[in-house]
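Owing to the predicted nature of the structure, the values given are computational and were not obtained by experimental measurement. Proteins come first, then strands; the chains are lettered A, B, ... in the order of their sequence lines, and each starts at number 1.
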Amino acid sequence: MPASRQPAVTPARPETGAGAADPRAGAGAAKRGGDATRTRILEAAHELFATRGFDGTTVKDIGAKAGLTDAALYYHFRSKREILDAVWQIPESRMLGDVPSGEAMGPEVLEHLVDVMFDGAVARDGFLRLMARQVLARDRTAMALRSQTMTVWRQYMARHFETAFSAEESAAMADSLAMLIHGIYMNTQIDHGSGTADVIRDPAFRDRAKAMARTMFPLGRACTAEGPCEQ
Amino acid sequence: MAQPARNRERLGSGAITRALIVRAATELFARDGYEATTVKAIAERCNITDPALYYHFRSKREILDAIWTCVPADMVPVLHESSLSQDELADDIEERFYAWARSWAHLRILLEQVLSGDTCATGFRQGLLDRFRAGTLPSAQALYGEAGELVLDTVFHAVCGLLYDTVLQHGDEFREVVNQDSYRRRLRRIIKQALPCQPPDSQR
């Protein structure tokens with residue numbers, strides 16, 4: 001893509017430096033224009049793929065939603081498949097950030113983990129559903145991405161358990177917790193479909209989910225008369 | 001070609017044909033997806049004509065709805081007469097899991113439909129949970145008192161989570177994977193994690 005000469009534009013990004021003296025300012029502006037359009041296309045595609053599926057969406061649909069002609073769209077992507085491959089790379093599709101510093105594992109941290117997982121699921125609902133649909137359609141990229149996402153998710157939880165348990169135990173516990181949350185989430189999806197996000201935001205839902213997590217991981221709380229223990 | 005098919009259609013009873021259509025559709029929906037499967041393909045698989053199929057079902061959608069009401073016999077679990085010990089309860093849940101896992105095709109269809117926002121499988125899922133509870137609640141209440149229902153919900157969701165995750169993760173290799181020893185151990189661990197009051201030395 002040729003760098004077109006633009007009138008002096010204050011760069012939005014600090015790394016391109018200040019003002020028109022920077023020879024890259026012109027190229028930067030053209031690239032940003034291109035990037036903005038690319039982003040619009042990917043956001044439109046992301047939403048359409050998530051609701052209608054990859055096969056159910058046409059390039060024309062994406063163009064219409066992004067406010068572009070077919071020609072303008074094809075300037076950025078040669079095919080619908082290429083658009084999907086780029087959607088997988090969208091930064092907010094990365095599930096989780098850094099592990100917070102090691103507060104010892106306990107009931108409060110457990111409940112916090114449950115919240116983080118469900119908040120993440122709600123925030124990325126469209127993306128996660130798209131990924132799962134593509135997995136069912138035997139899309140290899142989606143399968144690899146899902147595998148990677150689940151691993152990241154489990155490792156994030158395992159690191160919290162590791163403040164109190166061995167690495168091996170932590171991995172096993174993280175797996176069990178992951179499956180519990182996944183099951184709650186999917187069963188909620190089965191029952192509520194597009195209303196799932198609202199249900200998951202409901203504090204009563206969260207309380208129930210946390211109660212289930214505490215059932216799985218009594219953590220530091222001795223079995224007392226109030227707990228389910230009989231021993 | 002049409003003549004023999006019509007003869008075959010007349011010989012079978014309506015209920016048998018319906019069941020054949022549902023079974024063929026289950027296999028095709030699971031393999032190729034609901035959207036991609038045509039009524040024609042379902043009819044061909046049953047060796048009947050399109051009109052013969054439409055005699056029983058007005059649309060592809062109606063066939064899908066019928067799938068959820070046809071629960072395969074091995075998904076219906078056994079009810080226990082006396083209440084179980086914790087180990088026996090864990091065994092029972094493990095067996096239920098494997099009964100559910102045999103209906104891999106239903107699970108695939110369920111997931112595909114759910115992910116496209118269709119809540120058609122709600123009744124089916126509720127049925128699974130109801131039968132699960134009916135079979136395990138007496139034992140859970142004997143073991144855990146008032147918390148029995150919470151414990152069972154926890155186990156149910158955890159086991160469902162594993163099941164759905166395995167369908168998604170392993171797709172066509174699902175059957176081989178769930179029958180591996182390492183998988184069975186993993187399932188067992190998850191079930192035991194969800195049933196409270198494990199022996200004190202297994203938890204720090």
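- Between B:Gln193 and A:Met216, the closest heavy-atom pair is NE2-O, 3.0 Å.
- Of all non-hydrogen atoms in B:Arg189 and A:Ser176, the two that sit nearest each other are NH1-OG, 2.9 Å.
- Of the two parts of A:Arg52, neither the backbone nor the side chain holds a non-hydrogen atom closer than 4.5 Å to a non-hydrogen atom of chain B.
- The minimum heavy-atom distance linking A:Met179 with B:Leu162 is given by the pair SD-CA, 3.5 Å.
- Note: B:Leu129 CG to A:Asn187 CG = 8.0 Å, rounded to the nearest 0.5 Å.
- Of all heavy-atom pairs between A:Ser147 and B:Gln169, the closest is OG-NE2, 3.2 Å.
- Taking CZ of A:Arg129 as the reference point, atom CG of B:Leu111 lies at 13.0 Å (rounded to 0.5 Å).
- The closest side-chain heavy-atom distance from A:Met186 to B:Arg125 is not below 4.5 Å.
- Looking at B:Ala140, neither its backbone nor its side chain comes within 4.5 Å of chain A, counting heavy atoms on both sides.
- Using a 4.5 Å cut-off between heavy atoms, B:Leu163 makes no contact with chain A at all.
- Of all heavy-atom pairs between B:Thr122 and A:Asp191, the closest is CG2-OD1, 3.3 Å.
- Atom CD of A:Glu168 has 12 or fewer neighbouring heavy atoms from other residues, nucleotides or ligands inside a 6.0 Å radius.
- Other residues, nucleotides and ligands place more than 12 heavy atoms under 6.0 Å from the CD atom of B:Glu27.
- A:Thr215 approaches B:Ala194 most closely through the heavy-atom pair CG2-O, 3.8 Å.
- Sorted by first and then second residue, the ring-ring contact (aromatic ring centres under 6.0 Å, His included) pairs with a member in residues 13-52 of chain B read B:Phe29-B:Tyr34; sequence neighbours excluded.
- Highest contact tally toward chain B, considering only A:Ala137, A:Ser194, A:Gly195, A:Ala172, is held by A:Ala172 [criterion: heavy-atom pairs under 4.5 Å].
- The 12-atom threshold is not exceeded at CZ of B:Arg23, counting heavy atoms of other residues, nucleotides or ligands nearer than 6.0 Å.
- No donor-acceptor pair under 3.5 Å is formed between the side chain of A:Arg133 and the backbone N or O of B:Ser116.
- Atom CD1 in B:Ile190 sits 4.5 Å away from atom CG in A:Asp175 (nearest 0.5 Å).
- Note on B:Asp165 versus A:Arg146: salt bridge recorded, some NZ/NE/NH1/NH2 to OD/OE distance being below 4.0 Å.
- For residues 184-207 of chain A, the set of pairs meeting the ring-ring contact (aromatic ring centres under 6.0 Å, His included) definition, not counting sequence neighbours, comprises A:Phe118-A:Phe205.
- A 4.5 Å side-chain heavy-atom check between A:Arg208 and B:Asp153 finds at least one atom pair inside the cut-off.
- Between chain A and the residues B:Arg108, B:Glu146, B:Glu112, the largest count of heavy-atom pairs under 4.5 Å involves B:Arg108.
- Heavy-atom neighbours of B:Asp130 CG from other residues, nucleotides or ligands within 6.0 Å: above the threshold of 12.
- Taking the side chain as every heavy atom from C-beta outward, A:Ile190 and B:Tyr164 approach each other to under 4.5 Å.
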